[in-house]
There are 2 protein chains.
Amino acid sequence: MRMKKISDAVVRRLPLYMRVLDEYSKTVDTPLISSQELGDRAGVSPSLVRKDLAWFGEFGKQGVGYDVEFLRNRLQVILNLDREVAVALVGVGSLGLALTRYVHRRYNDEDHFNLHVVALFDNDPNKIGANVDGIVIDSLDKIPERVRRHDIRMGLITVPAPSAQAVADLLVAAGIKAILNFAPIKVTVPEDVHVTSTDLSLEMQRLAYYSSQ
Amino acid sequence: MRMKKISDAVVRRLPLYMRVLDEYSKTVDTPLISSQELGDRAGVSPSLVRKDLAWFGEFGKQGVGYDVEFLRNRLQVILNLDREVAVALVGVGSLGLALTRYVHRRYNDEDHFNLHVVALFDNDPNKIGANVDGIVIDSLDKIPERVRRHDIRMGLITVPAPSAQAVADLLVAAGIKAILNFAPIKVTVPEDVHVTSTDLSLEMQRLAYYSSQ
DNA sequence: TAGATTGTTAATCGATTAACAATC
DNA sequence: TAGATTGTTAATCGATTAACAATC
């Protein structure tokens with residue numbers, strides 16, 4: 001039910017603003033923040049801060065600035081993070097394990113980190129049934145049932161490249177609209193599904209360009 | 001000794017082209033590839049492929065296309081990946097461990113993956129001296145000496161957020177120009193140093209925007 | 001040669017920045 | 001009210017796409 005299509009460049013900055021506001025309210029006891037201050041801390045221009053926020057409403061007061069608590073709450077709602085978002089992770093290798101622990105730690109330690117890994121999947125019979133941070137590893141054929149039962153909204157793919165597309169297909173078939181893929185391969189999904197790939201090899205190979213001199 | 005400043009958007013696609021060429025030469029036995037075919041496989045337009053490559057020279061032949069092997073080698077040289085690039089990783093927690101194993105596996109399994117983790121650092125006395133995939137974990141004060149000895153050109157930061165800036169400073173002081181930061185914080189470095197941050201929390205929070213409906 | 005595809009220039013598109021009237 | 005800062009429009013910047021002459 002979104003009115004206009006918000007560009008991905010804009011959406012990408014919203015969690016950053018949220019983080020800045022959290023940090024700000026912890027260390028500064030002013031209830032207000034200007035686009036200048038918010039921009040400085042987020043590393044973007046004040047103009048862009050105002051333009052980004054204006055896509056979603058008029059959150060500030062001229063001459064005054066933005067109410068920190070109010071703005072943070074609005075961003076949380078915009079990002080669907082005002083309620084817990086259930087996450088599934090497929091591929092419990094060392095990377096999958098590390099990411100599960102990382103997300104759990106933030107979920108436990110931080111007040112407003114509402115992303116929760118509630119299901120783990122792997123096809124290795126030696127792993128199925130094992131318990132990670134209180135979650136039992138299931139086989140992939142349990143995906144549809146678990147997604148339905150836990151109302152899972154996001155999937156993390158940490159399987160080897162050759163399996164990634166098949167796993168993405170399973171997640172899509174189960175109704176998941178947001179996927180974070182760590183396998184070094186481009187996965188194809190219907191256009192109403194959003195995939196972001198974090199490709200460590202490509203990142204490192206790209207950085208190598210700057211490594212000399 | 002670069003002539004003109006190549007935009008980051010261009011550099012980011014080069015490893016992708018390299019990957020496509022590797023895949024192509026494994027599965028197709030034609031020695032030539034057109035910008036159309038390369039673009040299709042990389043998910044970019046043929047125009048952009050030609051424009052990207054033209055920044056670095058005239059690699060193709062009109063009416064014919066690009067020589068796959070030749071182009072791959074040129075890209076490898078451009079990215080400084082024609083020789084082994086030594087990498088240091090700081091922060092041997094579960095994420096650091098997983099990434100170390102991941103990079104080692106690719107280094108061992110793939111012909112042309114020339115990124116090699118050759119040093120690990122951590123401040124935990126219980127970890128120092130331990131051995132991961134044949135590499136001994138050192139304390140952070142060994143960074144300058146190890147960087148010099150192994151000619152380390154790239155650093156991966158996988159420490160908790162509060163230590164990330166200090167670690168980046170150490171790497172910079174040791175002469176490293178390329179840093180991949182996994183801590184959820186913006187690290188500041190001199191402008192001749194390149195930092196890329198992979199911030200899992202921000203990525204997931206961003207994806208949450210698309211997770212509903 | 002005729003057909004195909006590059007390298008490159010011009011046109012388009014989209015995102016960011018600058019400017020300023022509105023208004024708290 | 002006077003000063004400050006938003007919301008928004010216009011200008012700028014940069015990246016991508018389209019078009020085409022050059023040439024293999």
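- Residue pairs satisfying the ring pair (Phe, Tyr, Trp, His ring centres under 6.0 Å) criterion with at least one member in residues 174-196 of chain B, sequence neighbours excluded, are listed as follows: A:Y210-B:H194.
- Contact between A:V92 and A:D122 at its shortest, heavy atoms only, is N-OD2, 2.7 Å.
- Counting to the nearest Å, the P atom of C:dG7 and the CZ atom of B:F56 are 13 Å from each other.
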Map every base of DNA chain C to its dot-bracket character, where paired means a Watson-Crick or G-U wobble contact with both distances under 3.5 Å and | marks a partner outside the strand. ..||||||||||||||||||||||
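- Pairs engaging residues 83-102 of chain B under the ring pair (Phe, Tyr, Trp, His ring centres under 6.0 Å) rule: none recorded [sequence neighbours left out].
- Considering only side-chain N and O atoms, B:S35 lies nowhere under 4.0 angstrom from the phosphate OP1 or OP2 of C:dT5.
- Here the C1' atom of nucleotide C:dT6 and the CZ atom of B:F59 are 13 Å apart, to the nearest Å.
- A:A183 pairs by the side chain to side chain contact (heavy atoms under 4.5 Å, CB included) definition with A:A164, A:N181, A:I185, not counting sequence neighbours.
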Encode nucleotides 16-24 of chain D as B, S and - characters from 5' to 3', where the letter depends on protein heavy atoms closer than 4.0 Å: B to the base, S only to sugar-phosphate, - to neither. SBBB--BBB
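- Remark: B:E69 pairs with no residue by the salt bridge (charged side-chain N to carboxylate O under 4.0 Å, His left out) rule, at least two apart or across chains.
- For A:D8 and C:dA15, the CG to C1' distance is 12 Å, given to the nearest whole Å.
- Between the CG atom of B:D67 and the P atom of C:dT6 there is a distance of 13 Å, given to the nearest Å.
- The side chain of B:Y66 places no N or O atom within less than 4.0 Å of a non-bridging phosphate oxygen (OP1 or OP2) of C:dA4.
- The list of ring pair (Phe, Tyr, Trp, His ring centres under 6.0 Å) pairs with a residue in residues 16-42 of chain B, not counting sequence neighbours, is empty.
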Kindly determine whether B:E203 and B:R206 satisfy salt bridge (charged side-chain N to carboxylate O under 4.0 Å, His left out), including the steps that lead there. CA-CA 5 Å; B:E203 290 292 343; B:R206 176 174 77 82; 3.1 Å; yes
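- Here D:dG14 presents its C1' atom at 16 Å from CZ of B:R12, a figure rounded to the nearest Å.
- Near DNA chain C, meaning a heavy atom under 4.0 Å from it, residues 68-76 of chain A has no residue at all.
- Residues passing the side chain to side chain contact (heavy atoms under 4.5 Å, CB included) test with A:S25 are A:V68, sequence neighbours excluded.
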Per-pair distances, 0.1 Å, donor-acceptor, side chain in residues 81-91 of chain A, under 3.5 Å, sequence neighbours excluded:
from	atom 1	to	atom 2	distance (Å)
A:E84	OE1	A:Y107	OH	2.5
A:E84	OE2	A:H116	ND1	2.9

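- For A:D22, the side chain to side chain contact (heavy atoms under 4.5 Å, CB included) partners are A:R72, A:H112, not counting sequence neighbours.
- Residues meeting the side chain to side chain contact (heavy atoms under 4.5 Å, CB included) test with A:S47, sequence neighbours left out: A:S45, A:R50.
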